[in-house]
Amino acid sequence: MCGIIGYTGVKKAVPILLAGLAALEYRGYDSAGIAVQENGLKVVKTKGRLSLLREKLEHATHLQHATCGIGHTRWATHGEPSDVNSHPHATAHLALVHNGIIENYAQIAAFLTERGYTFLSQTDTETAALLIDHYYKEEKEPQKAIFRALQMLRGAFAFGICFADYPDRIYAIRKDSPLIVASTEAGALIASDVPAILPHTNVYYRPEEGVLAVLEKAQVSFYSAAGKQVQQKTERLDWNVEQAQKGGFPHFMLKEIHEEPQAISRTVSAHLKDGLPYFGENFPTEVLKSCRAIHVVACGTAMHAGLIGKRIIERLCRIPVRVEIASEFRYRNPILEENDPVILLSQSGETADTLAALRHAREKGVPTLAIVNVNGSTLSREADHVLYTPAGPEIAVASTKAYSVQCALLYLLALHAGLARGQISAETVREICQKMQHEVPESVEKVLEMNDEICGCAKELTDAEHVFYIGRDVDFDLCTESSLKLKEISYIHSEAYAAGELKHGTISLITHGTPVVALSTVPALAGKMLSAMREVAARGAMLLTVTTKQIAAKEELPADRLLLLPDIDELLAPFPAICAMQLLAYHVSALKGLDVDKPRHLAKSVTVE
Ligand code: F6R
């Protein structure tokens, strides 16, 4: 999704804006631009990668001394990626960057057309820029103009705005879209996300919705719609610049997969007390003890982590769990019984659909718990309760370590609930926690050591047009995530199937050489998986069999390629298994020479519906 950066201070703005945009590249974009204050507002923007913007700016030497400006990476929603649709959008008085969607842009466009305005672009954003321009001409003052325009705007937005008449200032405001503001000795900044400001500071404000930030070189002030100055709280993130860089790995995705052992062990250690799961004094254990069902709501990979959570919670606690896609949940009028908690999973904590689902659940008055990776994100602030997954920054668009730690936290929740409900003894819980803290990270390390072998298997898939993933029980859930990982970064069509379901239709697609990845980590179902593998092998499938050493020792498994996962308690097998599948997808994409970290059309943080 779009990325916003802004700087006003004593340093040169262009390099700071470009570095900030580079740090936000992970969000996904198709065009980029900046506006700086240099004898009036000057805009440079282009369709395509940041390197093109950099090239254009090399020729704009007259802008190099500017010390105030805003920048943007655009992820097209209204209007194709093009120079003219790129941000900033400028008028004679102002330049504006926007992340979000103005839902009533057509109505605003009609309002402006009646008043003589014409439009250069097809974007919703230009209507916001012109609307503020309209009120600026009436009010002759930025603050009043912005607030008057806001009364008309519907939808989600974070704006960064520069006015030509105020060459050292940036104005910024948000509603339902992320925005942070920071003040340092060398100047003030705005950004969509923390990595963009980390080289300058790790302390920042996250302005409340509808509060206007006014940034000047030496200070930042905040104002309510009534024009009153208000205080905002600072937040601090313990991530450093190094963590947000590649650290010698060719891609963020590979680096983040390699961070899984530490991330899992950190997540488990952070939520243990006396060897048992502990989530703080205010955690609603009573709700988990008495509820009759649990809802887990999320999108994409986070939703797939929810499927793993469902398996483990139902297994250990015997509470029915319903996992739902957030964008479906919110419009479905779901049946939410009093006291049945809704758990929202999200790496970013800013996903628009998950946020809307949370708000729906809160409106219905049921308890809500957010599990998020980004401290202070909107989801974490709006949910009744929040648990953090201390995975550190996840920059690659394809989520990997965030999935593993979400699963780890759901395991701990399941153990906690199982204990509270008397379904499982403290001794067993302690034993599993101990294994999660030590054996799980060790087994994931062992998978990382299989990198070359996994890369060898990936070579078999690079020319494929279709890949099928099959598994049963929890392996099927892992297949859904493995399949998503492959398709999103390698652009190979893939499907995940419950192995027993293949013969009810899909097996007709298996012909000579069709790649099938068969995942088998559940000993009790190994025999059943064997039948499914034989069925596809008999139809000529190219079979990549992924199983544990223990299962392989018992069964003669058909396989064109065999990947043997390290043995671990069956309950914990999903952790090494998913690491192997993530590496497999990674290598297919890297071998194909694709942009692994920034796959086409995708955005890291999906802040629009
Ligand atoms: C896929 C991926 C997405 C996200 C989804 C939710 O690799 O990353 O499917 O999982 O967009 O994002 P968060 O977790 O930030 O809510």
Side-chain angles (χ1 to χ4, degrees), residues 1 26-28 75 99 176-178 192-195 251-254 256-257 260 263 296-309 323-330 342-359 369-380 382-383 386-389 391-407 409-410 477-478 480-491 494 496 578-579 581-586 588-589 594-609:
M1 293 288 115
Y26 73 89
R27 297 168 68 82
W75 189 81
N99 172 22
D176 288 345
S177 285
S192 296
D193 200 1
V194 185
H251 298 103
F252 278 112
M253 183 178 175
L254 189 60
E256 287 159 9
I257 295 173
E260 278 174 26
V296 178
V297 185
C299 302
T301 290
M303 189 274 292
H304 292 158
L307 296 174
I308 302 290
V323 181
E324 285 210 66
I325 297 168
S327 54
E328 292 293 319
F329 178 86
R330 60 183 292 195
V342 176
I343 300 178
L344 296 305
L345 295 174
S346 175
Q347 188 285 128
S348 62
E350 301 292 349
T351 301
D353 286 318
T354 313
L355 207 49
L358 166 73
R359 289 174 184 163
L369 166 67
I371 297 184
V372 297
N373 193 40
V374 179
N375 246 295
S377 51
T378 310
L379 209 62
S380 71
E382 291 195 13
V386 58
L387 294 177
Y388 288 105
T389 52
E394 193 180 64
I395 309 287
V397 164
S399 186
T400 52
K401 62 176 176 173
Y403 171 88
S404 297
V405 294
Q406 281 161 355
C407 292
L409 204 41
L410 289 168
D477 299 332
L478 291 167
T480 59
E481 174 56 12
S482 310
S483 165
L484 174 63
K485 265 324 60 109
L486 183 76
K487 73 181 105 177
E488 69 178 325
I489 58 169
S490 75
Y491 315 148
S494 75
I578 197 62
C579 179
M581 299 302 219
Q582 291 164 345
L583 276 178
L584 183 69
Y586 166 79
V588 175
S589 175
L594 298 172
D595 195 349
V596 179
D597 287 334
K598 297 187 284 290
R600 69 185 178 207
H601 311 324
L602 292 179
K604 181 67 183 163
S605 180
V606 186
T607 50
V608 295
E609 220 189 296

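Side-chain atoms are counted along with the backbone in the values below, which use heavy atoms only and exclude waters and symmetry mates. Indexing begins at 1, ligand by ligand and atom by atom, following the structure's order.
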With heavy atoms of [X] as the reference, note each atom of ligand 1 found under 4.0 Å away.
| X | result |
| --- | --- |
| A302 | 10 (O), 14 (O) |
| S348 | 13 (P), 15 (O), 16 (O) |
| A398 | 7 (O) |
| K485 | 1 (C), 7 (O) |

Where is the tightest heavy-atom contact between I578 and Y403, given as atom of each residue plus distance?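 That would be CG1-CE2, 3.4 Å.
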Could you tell me whether K401 and E394 make a salt bridge, using a distance below 4.0 angstrom between a side-chain N and a carboxylate O? no
Holding to side-chain hydrogen bond (donor to acceptor under 3.5 Å, both in side chains), I want the full list of residues that pass it with E328, two or more places apart in sequence or in another chain.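 Here no residue qualifies.
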Under the side-chain hydrogen bond (donor to acceptor under 3.5 Å, both in side chains) test, which residues partner E481, sequence neighbours left out? T301, H304, K485
Quick one: look up the protein heavy atom nearest [atom] and list residue, atom name and how far away it is.
| atom | answer |
| --- | --- |
| atom 5 (C) of ligand 1 | C299 O, 3.6 Å |
| atom 3 (C) of ligand 1 | T301 N, 4.0 Å |
| atom 7 (O) of ligand 1 | E488 OE2, 2.5 Å |
| atom 12 (O) of ligand 1 | T351 OG1, 3.4 Å |
| atom 11 (O) of ligand 1 | V606 CG2, 4.0 Å |

What do you reckon, does V397 put a non-hydrogen atom under 4.0 Å from ligand 1? yes
Check V372, N373, V374 against Y388 for a side chain to side chain contact (heavy atoms under 4.5 Å, CB included) and give me the one that passes.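 The passing option is V372.
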M253, K487, Q347: member with heavy atom nearest to atom 14 (O) of ligand 1: Q347
Treating D353 as the side-chain partner and A326 as the backbone partner, does any N or O pair qualify as donor plus acceptor under 3.5 Å? no
For S483 and T480, indicate whether the former's side chain and the latter's backbone hold a donor-acceptor pair under 3.5 Å. no
Note, S404 side chain near Q582 side chain (heavy atom, < 4.5 Å):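 Side chain of S404 against side chain of Q582, heavy atoms only: contact under 4.5 Å found.
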